[in-house]
Amino acid sequence: MGAAASPGAATSPGAAASPGAALDQSTGAAKPLAADEIRGMRERIDEIDQAIIDLWQERSRLSQEVGKTRMASGGTRLVLAREREIVERFRTALGPDGTQVALLLLRSGRGPL
């Protein structure tokens, strides 16, 4: 007769790891090399996130300036055809989530409708 497994022993996320391997708490990896690789990828993700934030803020400032310039010249507050073009560009590139990204970008530049 074999020993019975303790309840939940094979159901934890790290159960497939080698016996006795401690999970790296910051990465969830059971092997040091994998943890190092994850840390390196996360560092690059953080750099990309900062670039996105910087570009988002620049885009918002430019969009606000466009609106101010347009209205100062007697034009409309916004141009719906332009907004539809932007939404479609993001939807085409990113799928359904692209629509939401575009709407957030537009709102950050012009404010809520």
Side-chain angles (χ1 to χ4, degrees):
M1 285 177 81
S6 63
T11 60
S12 65
S18 60
L23 288 180
D24 180 288
Q25 294 302 308
S26 67
T27 65
K31 297 182 180 180
L33 290 178
D36 289 343
E37 187 175 353
I38 290 168
R39 277 191 282 279
M41 289 185 280
R42 285 181 175 173
E43 184 175 311
R44 181 62 184 137
I45 288 170
D46 290 345
E47 292 169 356
I48 292 168
D49 287 349
Q50 188 59 55
I52 291 169
I53 291 166
D54 293 343
L55 289 168
W56 185 293
Q57 291 172 334
E58 179 183 5
R59 188 194 188 287
S60 181
R61 283 190 300 274
L62 286 168
S63 182
Q64 290 168 13
E65 286 299 315
V66 165
K68 288 176 187 173
T69 303
R70 185 175 46 246
M71 289 185 355
S73 74
T76 60
R77 178 171 172 253
L78 55 95
V79 178
L80 290 176
R82 171 70 175 158
E83 292 203 358
R84 282 192 296 270
E85 174 187 319
I86 292 165
V87 170
E88 181 60 21
R89 181 182 321 134
F90 276 81
R91 189 199 60 74
T92 299
L94 304 175
D97 288 343
T99 299
Q100 297 304 311
V101 170
L103 292 172
L104 288 169
L105 277 170
L106 291 168
R107 182 177 179 160
S108 76
R110 62 152 156 71
L113 292 176

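Computation of the quantities below employed the complete heavy-atom set of this structure, encompassing side-chain atoms and omitting hydrogens, waters and symmetry-equivalent molecules. Bear in mind that the values here come from a model prediction, so they are computed numbers and not experimental data.
Distance alone, capped at 3.5 Å, places no donor-acceptor pair between the Ser108 side chain and the Ser60 backbone. Of the possible donor and acceptor atoms, one in the side chain of Arg70 sits under 3.5 Å from a partner among the backbone N and O of Thr76. A donor-acceptor pair under 3.5 Å is formed between the side chain of Thr69 and the backbone N or O of Glu65. Judged by distance alone, with hydrogens and angles left aside, the side-chain atoms of Ser63 form no donor-acceptor pair with the main-chain N or O of Arg59 at under 3.5 Å. With hydrogens and angles ignored, the 3.5 Å screen pairs a side-chain donor or acceptor of Arg77 with a backbone N or O of Arg110. In this structure, Thr92 contributes its side chain and Arg89 its backbone to no donor-acceptor pair below 3.5 Å.
Side chains of Thr27 and Asp36 form no contact here, defined as non-hydrogen atoms less than 4.5 Å apart. Between Leu104 and Arg107, the closest side-chain pair of non-hydrogen atoms is not below 4.5 Å.
Residues Ile38 and Leu23 do not share a hydrophobic cluster, defined by chaining ILVMFWY side chains whose heavy atoms lie under 4.5 Å apart. Both Val87 and Val101 are part of a single hydrophobic cluster, where members link through side-chain heavy atoms under 4.5 Å apart. Note on Ile86: it does not cluster hydrophobically with Val79, by side-chain heavy-atom contacts below 4.5 Å among ILVMFWY residues. Trp56 and Leu94 fall within a single hydrophobic cluster, where Ile, Leu, Val, Met, Phe, Trp and Tyr are joined by side-chain heavy atoms under 4.5 Å apart, directly or via other members.
Between Glu85 and Arg82 there is a salt bridge, since at least one side-chain N of the basic residue sits less than 4.0 Å from a carboxylate O of the acidic one. By the 4.0 Å N-to-carboxylate-O rule, Arg39 lies close enough to Asp24 to be salt-bridged with it.
If you take CG on Leu105 and CD on Glu83, they are separated by 11.0 Å, rounding to the nearest 0.5 Å.
No more than 12 heavy atoms of other residues, nucleotides or ligands sit less than 6.0 Å from atom CG of Leu33. Annotation: Glu37, atom CD; neighbour count of heavy atoms from other residues, nucleotides and ligands within 6.0 Å does not exceed 12. Heavy atoms of other residues, nucleotides or ligands lying less than 6.0 angstrom from CD of Glu43 number 12 at most.
Summarising the geometry of Ala102 relative to Phe90, their closest heavy-atom pair is CB-CB, 3.7 Å, with the distance given to 0.1 Å.
Side-chain polar atoms of Asp54 and Gln50 form a donor-acceptor pair below 3.5 angstrom.
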